Amino acid sequence: MALPRGCLAKILSHRNPMFFSLSPLTLPHTNCLSLPPTHCLTLSASLSTSQTPSSHEPHFRWKPMCLYHSQGKCTKMDDPIHLETFNHDCSRELQVNTAELNKIRSQDLDFFLVLDLEGRVEILEFPVLMISAKTLQVEDIFHRFVRPSKMSEQRINEYIEGKYGKFGVHRVWHDTAIPFTEVIQQFGAWLMRHQLWMGGELNRAAFVTCGNWDLKTKVLQQCEVSKIKLPPYFMEWINLKDVYLNFYNRRATGMVTMMKELQIPLVGSHHLGIDDTRNIARVLQHMLLDGALIQITARRNPRSPRDVNFLFKNRIR
């Protein structure tokens, strides 16, 4: 049974706070407007607390990201309804007023790599946004769903249903997830393509996270589980919560707290990695426009990667 276009348009124009998030399967030779088979079109209530337009774009209309496109796997780029339904531009919510760029302090880095990992048992999602320190523009995106290597298929299915089923994107995860070892290989190539890494430390770039857990703890654990050496580009990072504390002289326990205090509306689904990464990037942009100097806050001991030196005396513990 095909979904009528009028019905789809009605769904898309729904402005209730609990609006619908659509995740179409983008494999070739499928009709994503047909409901059967059921995995072809997934409808689920978004858990976003706000779909308010960006303050930099008054006529902005929020659209969910195509999570196939963010991983370079969308095959529906010639489908006008798909293009109208889904956002294919990761910088869409990250536009800034160029007239305000003169407020930015000179930074020690050229690029910020905003990262927010998802997955408590093993990493399930690995999203990174490359942000220019001068223009605040999104230069590129790296996004992969990650398939656990030490879990049974039944446990994976339960895990993914619990984690991503509530967002309606579990089908996308199953279609696209690859092992962590492949993700790291592809990410290394991505860094090299942008000349951010040539085998040693990052070149004029640094990771930006909301907390220390992602790089201090989880990446190291996942490398051990996947039986690979910790890549050298994971030796230092910026915990945005520590920079926030020292710049504004107030504590923020997490991304949502920072956004509320800075009056930045949350967009997308909290705890969907790619959406959290974009929201963290918006906090970063706001801080840069307020005149913050974004500096490295944590650095590993190269001889003992488990040992981390925290560089800010005043920090979130």
Side-chain angles (χ1 to χ4, degrees), residues 67 70-72 112-130 141-164 167 169-170 172-192 196-197 199-202 205-241 254-255 270-277 280 296-310:
L67 299 182
S70 65
Q71 300 178 82
F112 299 109
L113 302 176
V114 184
L115 173 147
D116 188 74
L117 302 176
E118 292 293 334
R120 288 289 172 179
V121 179
E122 291 192 47
I123 293 175
L124 300 176
E125 188 178 357
F126 190 106
V128 178
L129 285 181
M130 178 181 173
I141 174 178
F142 181 90
H143 182 218
R144 297 293 185 273
F145 285 122
V146 188
R147 179 169 292 278
S149 59
K150 299 297 182 181
M151 297 170 62
S152 68
E153 281 300 314
Q154 179 180 350
R155 182 70 183 97
I156 288 175
N157 290 337
E158 293 171 352
Y159 194 21
I160 297 307
E161 180 62 32
K163 170 66 178 174
Y164 290 110
F167 304 132
V169 301
H170 53 294
V172 188
W173 188 95
H174 282 293
D175 289 339
T176 60
I178 58 177
F180 183 72
T181 51
E182 292 183 30
V183 172
I184 289 299
Q185 289 173 356
Q186 293 179 13
F187 184 59
W190 183 84
L191 290 172
M192 286 185 170
L196 300 178
W197 179 64
E201 297 180 352
L202 288 176
F207 290 102
V208 176
T209 61
C210 185
N212 292 307
W213 175 85
D214 301 80
L215 295 183
K216 175 182 179 291
T217 304
K218 198 60 201 176
V219 159
L220 191 61
Q221 289 177 349
Q222 187 64 60
C223 286
E224 291 174 352
V225 168
S226 300
K227 298 180 180 179
I228 61 174
K229 186 178 179 181
L230 180 73
Y233 47 74
F234 285 137
M235 297 303 287
E236 60 183 23
W237 60 90
I238 298 164
N239 177 359
L240 200 59
K241 291 193 289 187
M255 179 193 78
H270 189 23
H271 295 309
L272 179 60
I274 186 62
D275 285 352
D276 281 352
T277 299
I280 294 168
I296 300 294
T297 64
R299 182 172 290 123
R300 294 185 191 279
N301 182 336
R303 291 183 295 275
S304 179
R306 288 185 178 278
D307 297 332
V308 175
N309 182 26
F310 297 104

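What you see below is based on every heavy atom in this structure, not just the backbone, and it leaves out hydrogens, waters and symmetry mates. None of the values given here were measured: they were computed from a predicted structure.
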A.B. asks: Answer with yes or no whether the side chains of Ser304 and Asp307 bring together a donor and an acceptor at under 3.5 Å.
C.D. replies: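 Looking only at side-chain atoms, Ser304 and Asp307 do form a donor-acceptor pair, the distance falling under 3.5 Å.
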A.B. asks: Treating Thr209 as the side-chain partner and Gly211 as the backbone partner, does any N or O pair qualify as donor plus acceptor under 3.5 Å?
C.D. replies: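 Side chain of Thr209 to backbone of Gly211: a pair is present.
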A.B. asks: Quick check against the 3.5 Å criterion: does Thr277 have a side-chain atom that pairs as donor or acceptor with the backbone of Leu115?
C.D. replies: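 Not a single qualifying donor-acceptor pair exists.
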A.B. asks: Does Trp213 reach the side chain of Arg120, with side-chain heavy atoms less than 4.5 Å apart?
C.D. replies: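 Yes, at least one pair of side-chain atoms sits under 4.5 Å.
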A.B. asks: Checking side-chain polar atoms at under 3.5 Å, does Trp237 have a donor or acceptor matched by the opposite partner on Asp214?
C.D. replies: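 Result is no, nothing qualifies.
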A.B. asks: Output the distance between atom CD1 (Ile184) and atom CH2 (Trp190), rounded to the nearest 0.5 Å.
C.D. replies: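 It comes to 12.5 Å.
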A.B. asks: Kindly say whether Val121 contributes a backbone atom to a donor-acceptor pair with the side chain of Tyr159 at under 3.5 angstrom?
C.D. replies: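 It does hold such a pair.
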A.B. asks: Roughly how far apart are Leu117 CG and Glu122 CD, rounded to 0.5 Å?
C.D. replies: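 Answer rounded to 0.5 Å: 13.0 Å.
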A.B. asks: Do Val225 and Gln222 pass the side-chain contact (heavy atoms from CB on, under 4.5 Å) test, and can you show the C-alpha distance, the side-chain angles, and the key distance before you say yes or no?
C.D. replies: CA-CA 5 Å; Val225 168; Gln222 187 64 60; 4.0 Å; yes
A.B. asks: Other residues, nucleotides and ligands only: do more than 12 of their heavy atoms fall within 6.0 Å of CD on Glu201?
C.D. replies: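 No, not enclosed.
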A.B. asks: Where do Lys218 and Glu118 land on the salt bridge (charged side-chain N to carboxylate O under 4.0 Å, His left out) test, with the steps shown first?
C.D. replies: CA-CA 9 Å; Lys218 198 60 201 176; Glu118 292 293 334; over 6 Å; no
A.B. asks: Just how far is it from atom OG of Ser70 to atom CD1 of Ile274, taken to the nearest 0.5 Å?
C.D. replies: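 So the OG of Ser70 and the CD1 of Ile274 are separated by 5.5 Å.
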A.B. asks: Please table the atom pairs, donor to acceptor, closer than 3.5 Å between any side-chain atom in residues 144-153 and protein atoms at least two apart or in another chain.
C.D. replies:
| from | atom 1 | to | atom 2 | distance (Å) |
| --- | --- | --- | --- | --- |
| Arg144 | NE | Gln186 | OE1 | 2.6 |
| Arg144 | NH2 | Gln186 | OE1 | 3.2 |
| Ser152 | OG | Arg155 | N | 3.1 |

A.B. asks: Just by modelled atom types, is the Gly200 backbone N or O under 3.5 Å from a matching donor or acceptor in the Trp197 side chain?
C.D. replies: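 It does hold such a pair.
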A.B. asks: Ignoring hydrogens and geometry, is there a side-chain-to-backbone donor-acceptor pair from Lys216 to Val308 under 3.5 Å?
C.D. replies: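 Such a contact is absent between Lys216 side chain and Val308 backbone.
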A.B. asks: Is Lys229 reaching over with its side chain to a backbone N or O of Cys223, donor-acceptor style, under 3.5 angstrom?
C.D. replies: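 Pair absent, no side-chain N/O of Lys229 close to backbone of Cys223.
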A.B. asks: Quick one: do the His270 and Asp276 side chains pair a donor with an acceptor below 3.5 Å?
C.D. replies: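 The answer is yes; a qualifying pair exists.
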A.B. asks: What is the distance from atom CD1 of Ile296 to atom CG of Leu202, rounded to the nearest 0.5 Å?
C.D. replies: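 CG of Leu202 is found 8.5 Å from CD1 of Ile296.
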A.B. asks: Taking all non-hydrogen atoms of both residues, which atom of Pro232 and which atom of Met235 are closest, and how far apart?
C.D. replies: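 That would be O-CG, 2.9 Å.
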A.B. asks: Please test Phe112 against Ile238 for side-chain contact (heavy atoms from CB on, under 4.5 Å), starting from the C-alpha separation and ending with a verdict.
C.D. replies: CA-CA 9 Å; Phe112 299 109; Ile238 298 164; 4.1 Å; yes
A.B. asks: Can you say whether the rings of Phe126 and Phe142 are parallel (under 30°), tilted (30 to 60°) or perpendicular (over 60°)?
C.D. replies: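 Judged by the thresholds at 30° and 60°, the geometry between Phe126 and Phe142 is perpendicular.
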A.B. asks: Go through Val208 and Leu129 one step at a time and tell me if the side-chain contact (heavy atoms from CB on, under 4.5 Å) criterion holds.
C.D. replies: CA-CA 9 Å; Val208 176; Leu129 285 181; over 6 Å; no
A.B. asks: Distance check, rounded to the nearest 0.5 Å: Leu240 atom CG versus Cys210 atom SG?
C.D. replies: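 Between atom CG of Leu240 and atom SG of Cys210 there are 6.5 Å.
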A.B. asks: For His271, does its backbone N or O pair with a side-chain atom of Lys163 as donor and acceptor, under 3.5 Å?
C.D. replies: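 Such a contact is found between Lys163 side chain and His271 backbone.
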A.B. asks: For a quick test of reading the model, state the closest non-hydrogen atom pair linking Ala298 to Phe310 and the distance between them.
C.D. replies: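 Closest heavy-atom pair between Ala298 and Phe310: CB-CD2, 3.9 Å.
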A.B. asks: Set out, in order, the CA-CA distance, both residues' side-chain angles and the distance that settles side-chain contact (heavy atoms from CB on, under 4.5 Å) for Met255 and Asp116, then state yes or no.
C.D. replies: CA-CA 11 Å; Met255 179 193 78; Asp116 188 74; over 6 Å; no
A.B. asks: Consider only side-chain N and O atoms of Tyr164 and Glu125, and report whether a donor and an acceptor are under 3.5 Å apart.
C.D. replies: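 Distance-only check passes for Tyr164 and Glu125.
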A.B. asks: Once the angle between the rings of Phe234 and Phe187 is folded into 0 to 90°, is it parallel (under 30°), tilted (30 to 60°) or perpendicular (over 60°)?
C.D. replies: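 Correct class here is parallel.
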A.B. asks: Give a yes or no on whether a salt bridge exists between Glu236 and Arg300, defined as a side-chain N under 4.0 angstrom from a carboxylate O.
C.D. replies: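 Judged by the 4.0 Å cut-off on N to carboxylate O distance, Glu236 and Arg300 do not form a salt bridge.
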A.B. asks: Just how far is it from atom CG of Asn239 to atom OG1 of Thr297, taken to the nearest 0.5 Å?
C.D. replies: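 Between atom CG of Asn239 and atom OG1 of Thr297 there are 5.0 Å.
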